[in-house]
Trainee: 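This is the structure I have questions about; it appears just below.
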Amino acid sequence: MANKIKVGVLGATGMVGQRYIKLLENHPWFEVTYVAASPRSAGKLYKDAVSSRWLIGADIPAAVANLTVEDANDEKKALGKCQFVFSALEMGKDEIKALEAAYAAEGIPVVSNASANRWTEDVPMLVPEINYSHLDVIADQKKHHGWDKGFIAVKPNCSLQTYMMPLHALIMAGYPVKRMIVTTLQATSGAGYPGVPSFDMIDNIVPFIGGEEEKTEKECLKILGKVADGKIVNSEYPKVSSTCTRVPVIDGHTACVSLEFDLPEDKKPGLEEIKKVWASYKSLPQELNLPSAPEHPIVYREEENRPQPRRDRETEKGMACVIGRLRPCNVFDIKFVALSHNTKRGAALGGILNAELLKAKGFFDNL
């Protein structure tokens, strides 16, 4: 691509912002030309703002290191410097919601990792393989606000990536799901930096993560919903009961899932049929050959002790859902263990895939 699209990163000095910076290095479509963070970092060179807390484990990309960090609270600073922004803002939800809207009002699309707009009815909450049709609501979003070029699109909570694609694959194959019980074992990186104190995590499991169970139980219903009358109408099913825990793993969220099909007994799929459905699952990102899309969105492991975060989180460059231990369930129909990379598929690289889909569908054509 001869002329790359210029992009900005809001919250560029935080953990997710740093991940965006690193993952966008040498991206075939996008080039980071603008970085913004809190007022205490504003005015510094990026390399100086993150010198003592660069967390990614590789050198700061040279093209970004000498960019001057701007104040993310001043949306006008981005004008002329980038064509859209990735939002990795870390502040109160009301503040994020207002600030993302301010960027959109200035004609700067916002591809957000933040949770503030996930429940806004005219904002698509994208898993590109699943609900790419929700992009249709962006036209209504623009009308509602009187925005010309700007808009907001968000990604869901990182823990959903462990089970949403296998769930969607079954639904699309004609096997609707009525109820699910999900127990997540979530990595410490999901808490950001500095995150959970090491004394709380070493030799320990924390059986509570504030707000996570509500997100796990409800966000899937918006993702599986439909666009109608200028908003996204949530699906009624599946009903989900979740328990979310924090475990001493750096990266990689695991979920133990039990589910019940909404089908007569003689219509329910067998285990081998389910594996075939998962193995053959592909969607629009694979058809469009988007740069960050995994060739195989779902990877099944036959070993009885897989998936494991340390061994499997980088599968398909951290963008696959890795599943194992599919077996009958004595209470529901089936149960399995699934894993996804929470700071790649679940955060920055998932956001980049959202932007690639938006670009491929023409949403950045007139910026």
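Keep in mind that what you see is a predicted model, and the values were worked out from it rather than measured. All values below were derived from every heavy atom in this structure, side-chain atoms included, with hydrogens, water molecules and symmetry-related copies excluded.
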Trainee: If every non-hydrogen atom of Pro285 is compared with every non-hydrogen atom of Leu353, which pair is closest and at what distance?
Mentor: CB-CD1, 4.4 Å
Trainee: Is it true that Arg246 and Glu212 make a salt bridge, defined as a side-chain N closer than 4.0 Å to a carboxylate O?
Mentor: no
Trainee: Using the rule that two of Ile, Leu, Val, Met, Phe, Trp, Tyr join whenever any of their side-chain heavy atoms come within less than 4.5 Å, decide whether Tyr132 and Ile130 are in one cluster.
Mentor: no
Trainee: Take Lys76 and Glu106 through the salt bridge (charged side-chain N to carboxylate O under 4.0 Å, His left out) test and state the conclusion after the steps.
Mentor: CA-CA 7 Å; Lys76 294 185 183 299; Glu106 291 292 340; 2.6 Å; yes
Trainee: Do the side chain of Arg118 and the main chain of Lys155 share a donor and acceptor less than 3.5 angstrom apart?
Mentor: yes
Trainee: Check this for me: Asp59, atom CG, are more than 12 non-hydrogen atoms of other residues, nucleotides or ligands nearer than 6.0 Å?
Mentor: no
Trainee: Does the side chain of Tyr20 come within less than 4.5 Å of Asn113's, by heavy atoms?
Mentor: yes
Trainee: Does the side chain to side chain contact (heavy atoms under 4.5 Å, CB included) test come out yes or no for Arg325 and Glu304, once each step is laid out?
Mentor: CA-CA 6 Å; Arg325 300 207 65 212; Glu304 63 181 10; 5.7 Å; no
Trainee: Examine distances only and state if a side-chain atom of Ser283 and a backbone atom of Glu129 form a donor-acceptor pair shorter than 3.5 Å.
Mentor: yes
Trainee: Considering all heavy atoms of both residues, which atom of Gly318 and which atom of Lys344 are nearest to each other, and what is their separation?
Mentor: O-CB, 3.7 Å
Trainee: Under the side chain to side chain contact (heavy atoms under 4.5 Å, CB included) rule, what do Val50 and Ile60 come out as? Steps first, then yes or no, please.
Mentor: CA-CA 9 Å; Val50 299; Ile60 300 170; 3.5 Å; yes
Trainee: Any heavy-atom pair between the side chains of Gln186 and Val247 that's under 4.5 Å?
Mentor: no
Trainee: Compute whether any side-chain donor of one residue and acceptor of the other, for Tyr281 and His296, lie under 3.5 angstrom apart.
Mentor: no
Trainee: Taking all non-hydrogen atoms of both residues, which atom of Thr254 and which atom of Pro309 are closest, and how far apart?
Mentor: OG1-CG, 3.8 Å
Trainee: Quick check against the 3.5 Å criterion: does Gln308 have a side-chain atom that pairs as donor or acceptor with the backbone of Asn305?
Mentor: yes
Trainee: With no hydrogens and no angle check, do the side chains of Ser112 and Glu100 hold a donor and an acceptor under 3.5 Å apart?
Mentor: yes
Trainee: Check Glu273 with Lys276, please: is the shortest side-chain N to carboxylate O separation under 4.0 Å?
Mentor: no
Trainee: Do the ring planes of Phe364 and Phe84 sit parallel (below 30°), tilted (30 to 60°) or perpendicular (above 60°)?
Mentor: parallel
Trainee: Given side chains that start at C-beta, do those of Ile181 and Phe332 come closer than 4.5 Å, heavy atoms only?
Mentor: yes
Trainee: Quick check on the hydrophobic clustering: are Leu23 and Met319 connected, directly or via other members, by side-chain heavy-atom contacts under 4.5 Å?
Mentor: yes
Trainee: I'd like to know whether the aromatic ring centres of His145 and Phe151 sit less than 6.0 Å apart in this structure.
Mentor: no
Trainee: Does Arg53 CZ have over 12 foreign heavy atoms under 6.0 Å away?
Mentor: yes
Trainee: Can you check salt bridge (charged side-chain N to carboxylate O under 4.0 Å, His left out) on Lys359 and Glu356, steps first, answer last?
Mentor: CA-CA 5 Å; Lys359 188 268 178 191; Glu356 292 169 356; over 6 Å; no
Trainee: With heavy-atom distances below 4.5 Å as the criterion, would you say the side chains of Val337 and Ile323 are in contact?
Mentor: no
Trainee: Does this structure show an ion pair linking Glu287 with Lys282, if we count only N-O contacts that are shorter than 4.0 Å?
Mentor: no
Trainee: Walk me through whether Thr245 and Val206 qualify under side chain to side chain contact (heavy atoms under 4.5 Å, CB included).
Mentor: CA-CA 6 Å; Thr245 70; Val206 180; over 6 Å; no
Trainee: Decide, yes or no, whether a salt bridge links Lys142 with Asp148 under the criterion of side-chain N to carboxylate O below 4.0 Å.
Mentor: no
Trainee: Counting heavy atoms not belonging to Arg310, are there more than 12 under 6.0 Å from its CZ?
Mentor: no
Trainee: Taking 4.0 angstrom as the limit, do Lys218 and Glu214 come out as a salt bridge?
Mentor: yes
Trainee: Please check if the number of heavy atoms outside Lys6 that lie under 6.0 Å from its NZ is greater than 12.
Mentor: no
Trainee: Any sub-3.5 Å donor-acceptor pair from Thr188's side-chain atoms to Val249's backbone N or O?
Mentor: yes
Trainee: Can you name the closest pair of heavy atoms from Pro238 and Leu167 and give their distance?
Mentor: CG-CD2, 4.1 Å
Trainee: Determine the interplanar angle of the His27 and Trp29 rings, folded into 0 to 90°, and report it as parallel if under 30°, tilted if 30 to 60°, perpendicular if over 60°.
Mentor: perpendicular
Trainee: Where do Ala42 and Asp71 come nearest, in terms of heavy atoms and distance?
Mentor: CB-N, 3.8 Å
Trainee: Just one of Val9, Leu24, Val32 clears the side-chain contact (heavy atoms from CB on, under 4.5 Å) bar with Val64, so which one?
Mentor: Val32
Trainee: Under 4.0 Å between a side-chain nitrogen and a carboxylate oxygen: does that hold for Glu314 and Lys317?
Mentor: no
Trainee: For a 4.5 angstrom cut-off between non-hydrogen side-chain atoms, does Asn66 reach Tyr46?
Mentor: no
Trainee: Do the side chain of Glu31 and the main chain of Ile5 share a donor and acceptor less than 3.5 angstrom apart?
Mentor: no
Trainee: Can a donor-acceptor pair be found, under 3.5 Å and without considering hydrogens, that links the side chain of Glu219 to the backbone of Asn157?
Mentor: yes
Trainee: Got a sec: does the CG of Asp94 have more than 12 other heavy atoms crowding it under 6.0 Å?
Mentor: no
Trainee: If you count the non-hydrogen atoms of other residues, nucleotides and ligands that lie under 6.0 Å from CD1 in Ile250, is the total more than 12?
Mentor: no
Trainee: Go through it in stages, so that I can follow the logic: the residues are Glu260 and Lys178, the test is salt bridge (charged side-chain N to carboxylate O under 4.0 Å, His left out), and I'd like the CA-CA distance, side-chain angles, deciding distance and then a yes or no.
Mentor: CA-CA 6 Å; Glu260 178 183 29; Lys178 182 178 181 180; 5.2 Å; no
Trainee: Going by atom types alone, do Ser189 and Asn342 pair a side-chain donor with an acceptor below 3.5 Å?
Mentor: yes
Trainee: Do the side-chain N and O atoms of Thr343 and Arg19 include a donor-acceptor pair separated by under 3.5 angstrom?
Mentor: yes
Trainee: Step through the shown structure and confirm whether more than 12 heavy atoms of other residues, nucleotides or ligands are within 6.0 Å of NZ on Lys22.
Mentor: yes
Trainee: Does one side chain, of Lys149 or Asn366, offer a donor that lies under 3.5 Å from an acceptor on the other?
Mentor: no
Trainee: With a 3.5 Å distance limit and no angle check, can you tell me whether Asp48 reaches the backbone of Lys44 through a side-chain donor-acceptor pair?
Mentor: no
Trainee: Within the side chain of Ser242, is there an N or O that forms a donor-acceptor pair under 3.5 Å with the backbone of Glu213?
Mentor: yes
Trainee: Determine whether Gln286 and Glu295 make a side-chain contact, defined as any pair of heavy atoms from C-beta on separated by less than 4.5 Å.
Mentor: no
Trainee: Would you find a donor on one side and an acceptor on the other, under 3.5 Å apart, between the side chain of Asn131 and the backbone of Leu224?
Mentor: no
Trainee: Is Tyr175 linked to Met180 within one hydrophobic cluster, defined over Ile, Leu, Val, Met, Phe, Trp and Tyr using a side-chain heavy-atom separation of less than 4.5 Å?
Mentor: yes
Trainee: So that I can tick it off, tell me whether Asp140 and Lys231 are bridged by a salt bridge, with the cut-off set at under 4.0 angstrom between side-chain N and carboxylate O.
Mentor: no
Trainee: For a side chain to side chain contact (heavy atoms under 4.5 Å, CB included) check, start with the C-alpha distance between Ile274 and Phe336, then their side-chain angles and the critical distance, and finish with the verdict.
Mentor: CA-CA 11 Å; Ile274 292 170; Phe336 57 90; over 6 Å; no
Trainee: Same cluster or not: Leu259 versus Leu263, using hydrophobic residues (I, L, V, M, F, W, Y) connected whenever any side-chain heavy atoms lie under 4.5 Å apart?
Mentor: yes
Trainee: Is the shortest side-chain heavy-atom distance between Leu170 and Trp278 below 4.5 Å?
Mentor: yes
Trainee: Is Ile56 reachable from Val69 through a run of hydrophobic residues whose side-chain heavy atoms are each under 4.5 Å from the next?
Mentor: yes
Trainee: Measuring only between side-chain heavy atoms, which start at C-beta, is Met91 closer than 4.5 Å to Asn73?
Mentor: yes
